[in-house]
Amino acid sequence: MAAINTCLLSPNVISGSPISRSPSKSISTFSTPPLCSPLHYSCLTRNIQLPGVASISYPPIDTEYLESEFSGHGVTFTEVNESCVVRMALENGSIANLMLPSGLITSYKAQMWHGGTMELLHTTVSEGQNGSPVIEGGVSLACNCENDEGFSWSPSSWALHQVKGDPQGSIQVELICTSSDGKIEAKYMVTLQEDLLTSEIKIFNLGMASFRMTGSVLSHLTVSTPEASYAVGLQGSDFFSNPPFFANFSIIPPAFGKTKNQPSKKSFGEIFSSWGTKIQNPEKIAEKELEVEETDNYKHLTDEMSKIYKSAPRNFTLIDRGRRNSVVVGRDGFKEVYLLSPGSRHESYGRYSYICVGQAALLQPIIIESQSEWRGKQSLHNPNM
């Protein structure tokens with residue numbers, strides 16, 4: 001396995017055994033349930049990958065150039081293999097690490113009331129098929145843009161565009177990625193504040209035709225065990241239970257959804273062969289779940305679950321009683337919330353000690369009209385200072 005300085009990722013990175021990944025793993029989704037129509041954006045809004053997966057190939061990063069051009073502002077750059085760790089550090093002790101060119105946030109250490117810091121993200125490192133390290137978890141952007149003419153594009157290789165702020169207040173790192181034909185431009189802003197980490201995506205449609213955007217900002221939040229974890233504030237929200245959402249940095253237990261003498265449900269990747277390409281009669285492959293209303297305002301996350309809430313509040317709280325910690329998860333622009341618990345049959349403080357939350361557009365694709373812009377944002381607020 002290639003050497004990697006895991007202290008640049010997270011102080012509690014979980015090292016896993018060798019894993020196998022398909023040569024061209026892609027983000028997948030599922031068919032739109034009845035009565036769900038796309039969301040349209042027809043005017044400009046004014047709202048305020050280290051080797052990610054072993055199969056993904058990125059161009060080399062010139063760390064010396066980044067250091068000379070963007071150093072200061074509380075940001076440092078460290079070369080790791082053919083990638084770069086962007087470290088944002090505030091004077092109050094809060095730290096976030098971002099990988100280039102993948103855009104993966106591998107660590108967010110938040111300042112606590114007792115004066116120390118606590119890691120809020122869950123990141124794992126395993127050995128890939130060719131011996132290179134495979135990093136999973138953290139916070140990642142998984143989205144795809146497509147139209148009816150067969151065009152499909154996903155931002156994946158990000159370039160550093162600018163750095164703003166200072167270590168006394170807040171630091172923002174802005175990344176940029178443009179489609180090969182120049183018709184779509186995506187910007188990804190990661191902002192670290194004293195008690196907050198935000199991930200904001202802006203997508204500009206520079207072409208003459210509209211397109212659909214589907215995807216999610218996925219966050220793997222570390223917990224002692226799902227048995228000690230609760231989601232507070234989701235009561236009254238409508239949701240669908242669906243198979244897990246597989247993206248390049250997702251952590252999904254291999255036996256997820258399996259019970260004794262019963263195979264697991266089809267994953268999104270099996271229901272859809274690729275972004276926007278349905279296989280024949282997907283409704284016959286997996287039965288559509290009925291829409292259900294959440295009745296528990298203090299939702300225990302001990303069981304395996306994979307849900308998409310279509311009417312959740314803009315903010316709700318995840319509580320881990322084992323670590324005596326909580327995180328307020330917020331969203332803007334996205335209409336849905338994806339929530340996955342790997343269940344509590346795994347080892348505590350291990351590879352599957354996390355809760356995955358995604359601000360999402362999975363049930364309803366977002367339509368971005370020609371010459372328009374759409375913005376979506378996720379926030380992880382630390383209320384424990």
Side-chain angles (χ1 to χ4, degrees), residues 27 29 32 36-49 70 98 100-105 139-165 170-193 196-219 247 275-276 310 312 314-315 329-338 358-380:
I27 306 162
T29 185
T32 303
C36 288
S37 59
L39 304 175
H40 290 259
Y41 290 82
S42 57
C43 61
L44 292 177
T45 59
R46 289 291 180 266
N47 301 327
I48 137 75
Q49 289 179 64
F70 299 102
L98 170 70
L100 289 177
S102 67
L104 176 68
I105 304 172
V139 178
S140 63
L141 173 65
C143 72
N144 185 74
C145 303
E146 64 178 8
N147 60 24
D148 294 331
E149 283 68 51
F151 171 81
S152 180
W153 175 75
S154 297
S156 58
S157 184
W158 296 91
L160 182 58
H161 187 233
Q162 62 180 346
V163 178
K164 300 178 181 178
S170 65
I171 302 169
Q172 182 180 89
V173 173
E174 181 177 308
L175 311 181
I176 190 169
C177 185
T178 305
S179 62
S180 58
D181 61 5
K183 294 182 179 180
I184 304 178
E185 180 182 271
K187 290 184 178 180
Y188 185 40
M189 287 76 65
V190 177
T191 305
L192 176 66
Q193 301 179 35
L196 189 70
L197 180 70
T198 63
S199 303
E200 181 178 5
I201 176 71
K202 287 194 267 187
I203 299 180
F204 304 86
N205 183 353
L206 306 177
M208 301 307 295
S210 63
F211 61 80
R212 298 179 296 275
M213 192 284 291
T214 312
S216 178
V217 177
L218 294 173
S219 295
W275 274 106
K310 56 176 291 189
R314 290 178 58 184
N315 298 278
V329 183
R331 76 178 192 279
D332 186 20
F334 292 99
K335 303 298 182 182
E336 303 159 6
V337 173
Y338 169 68
Q359 313 309 318
L362 297 173
L363 299 174
Q364 294 179 307
I366 292 172
I367 305 300
I368 305 178
E369 301 291 349
S370 172
Q371 305 300 311
S372 299
E373 170 193 341
W374 173 83
R375 300 187 183 196
K377 182 169 66 176
Q378 175 187 257
S379 62
L380 301 177

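Throughout, residue positions are numbered sequentially from 1 according to the sequence presented.
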**Passing candidate, side chain to side chain contact (heavy atoms under 4.5 Å, CB included) with Ile105, options Val139, Leu192, Val173** = Val139

**Asked** What are the two closest heavy atoms between Tyr188 and Gly103, and how far apart are they?
**Response** CE2-O, 3.5 Å

**Request:** Starting from the C-alpha separation in whole Å, work towards a yes-or-no answer on side-chain contact (heavy atoms from CB on, under 4.5 Å) for Val329 and Asn315.
**Result:** CA-CA 6 Å; Val329 183; Asn315 298 278; over 6 Å; no

**Prompt:** So, the side chain of Glu336 versus the backbone of Leu362: is there a donor-acceptor pair under 3.5 Å, distance only?
**Reply:** yes

**Asked** Which residues pass the salt bridge (Lys or Arg N to Asp or Glu O under 4.0 Å) test with Glu174, sequence neighbours left out?
**Response** Lys187

**Nearest heavy atoms of Ile184 and Cys145, plus distance in Å** = CD1-CB, 3.7 Å

**Item:** Met213 CE to Trp153 CH2 distance, which is reported to the nearest 0.5 Å
**Value:** 11.5 Å

**Asked** Any side-chain heavy atom of Cys143 sitting closer than 4.5 Å to one from Ser154?
**Response** no

**Item:** Backbone N/O of Gly207 and side chain of Ser370: donor-acceptor pair under 3.5 Å
**Value:** yes

**Plane angle bin for Phe334 and Trp374 - parallel if under 30°, tilted between 30 and 60°, otherwise perpendicular** = perpendicular

**Item:** Interatomic spacing from CD in Gln172 to CD in Gln193 - rounded to 0.5 Å
**Value:** 9.5 Å

**Prompt:** So, are Arg375 and Asp332 salt-bridged, with charged N and O less than 4.0 Å apart?
**Reply:** no

**Message:** If you compare all heavy atoms of Phe204 against all heavy atoms of Glu373, which two are closest, and at what distance to 0.1 Å?
**Reply:** CE2-OE1, 3.3 Å

**Item:** Flag side-chain contact, heavy atom, 4.5 Å: Val190 against Thr198
**Value:** no

**Request:** Can you tell me which residue pairs pass the salt bridge (charged side-chain N to carboxylate O under 4.0 Å, His left out) test with a partner in residues 175-185, sequence neighbours excluded?
**Result:** none

**Prompt:** Ser210 and Asn205: which non-hydrogen atoms are nearest, and at how many Å?
**Reply:** CA-ND2, 3.7 Å

**Message:** Using 0.5 Å steps for rounding, measure from the CG atom of Asn147 to the CD1 atom of Ile368.
**Reply:** 12.0 Å

**Asked** Quick one: does Trp158's side chain get under 4.5 Å of Leu141's, heavy atoms only?
**Response** yes

**Request:** Would you indicate whether the side-chain heavy atoms of Leu100 and Leu160 approach each other to under 4.5 Å?
**Result:** yes

**Request:** State, with a plain yes or no, whether a side-chain heavy atom of Ile171 is found less than 4.5 Å away from one of Thr191.
**Result:** no

**Request:** Would you kindly say whether Asn144 and Ser152 are connected by a side-chain donor-acceptor distance under 3.5 Å?
**Result:** yes

**Message:** Could you check whether any side-chain heavy atom of Leu196 comes within less than 4.5 Å of a side-chain heavy atom of Leu380, counting everything from C-beta outward?
**Reply:** no

**With sequence neighbours excluded, residues passing salt bridge (Lys or Arg N to Asp or Glu O under 4.0 Å) with Asp148** = Arg212

**Asked** Any luck finding a side-chain donor-acceptor pair between Gln378 and Ser219 under 3.5 Å?
**Response** yes

**Asked** Looking at side-chain heavy atoms only, is the closest gap between Gln364 and Ile366 below 4.5 Å?
**Response** no

**Message:** If you compare all heavy atoms of Leu218 against all heavy atoms of Ala247, which two are closest, and at what distance to 0.1 Å?
**Reply:** CD1-CB, 3.9 Å

**Item:** Euclidean distance, Glu200 CD relative to Met189 CE, rounded to 0.5 Å
**Value:** 4.0 Å

**Request:** Please examine the side chains of Leu98 and Leu175, heavy atoms only from C-beta on, and report whether any two atoms are closer than 4.5 Å.
**Result:** yes

**Request:** Heavy atoms only: give me the nearest Ser199-Val217 pair and the separation to one decimal.
**Result:** CB-CG1, 4.1 Å

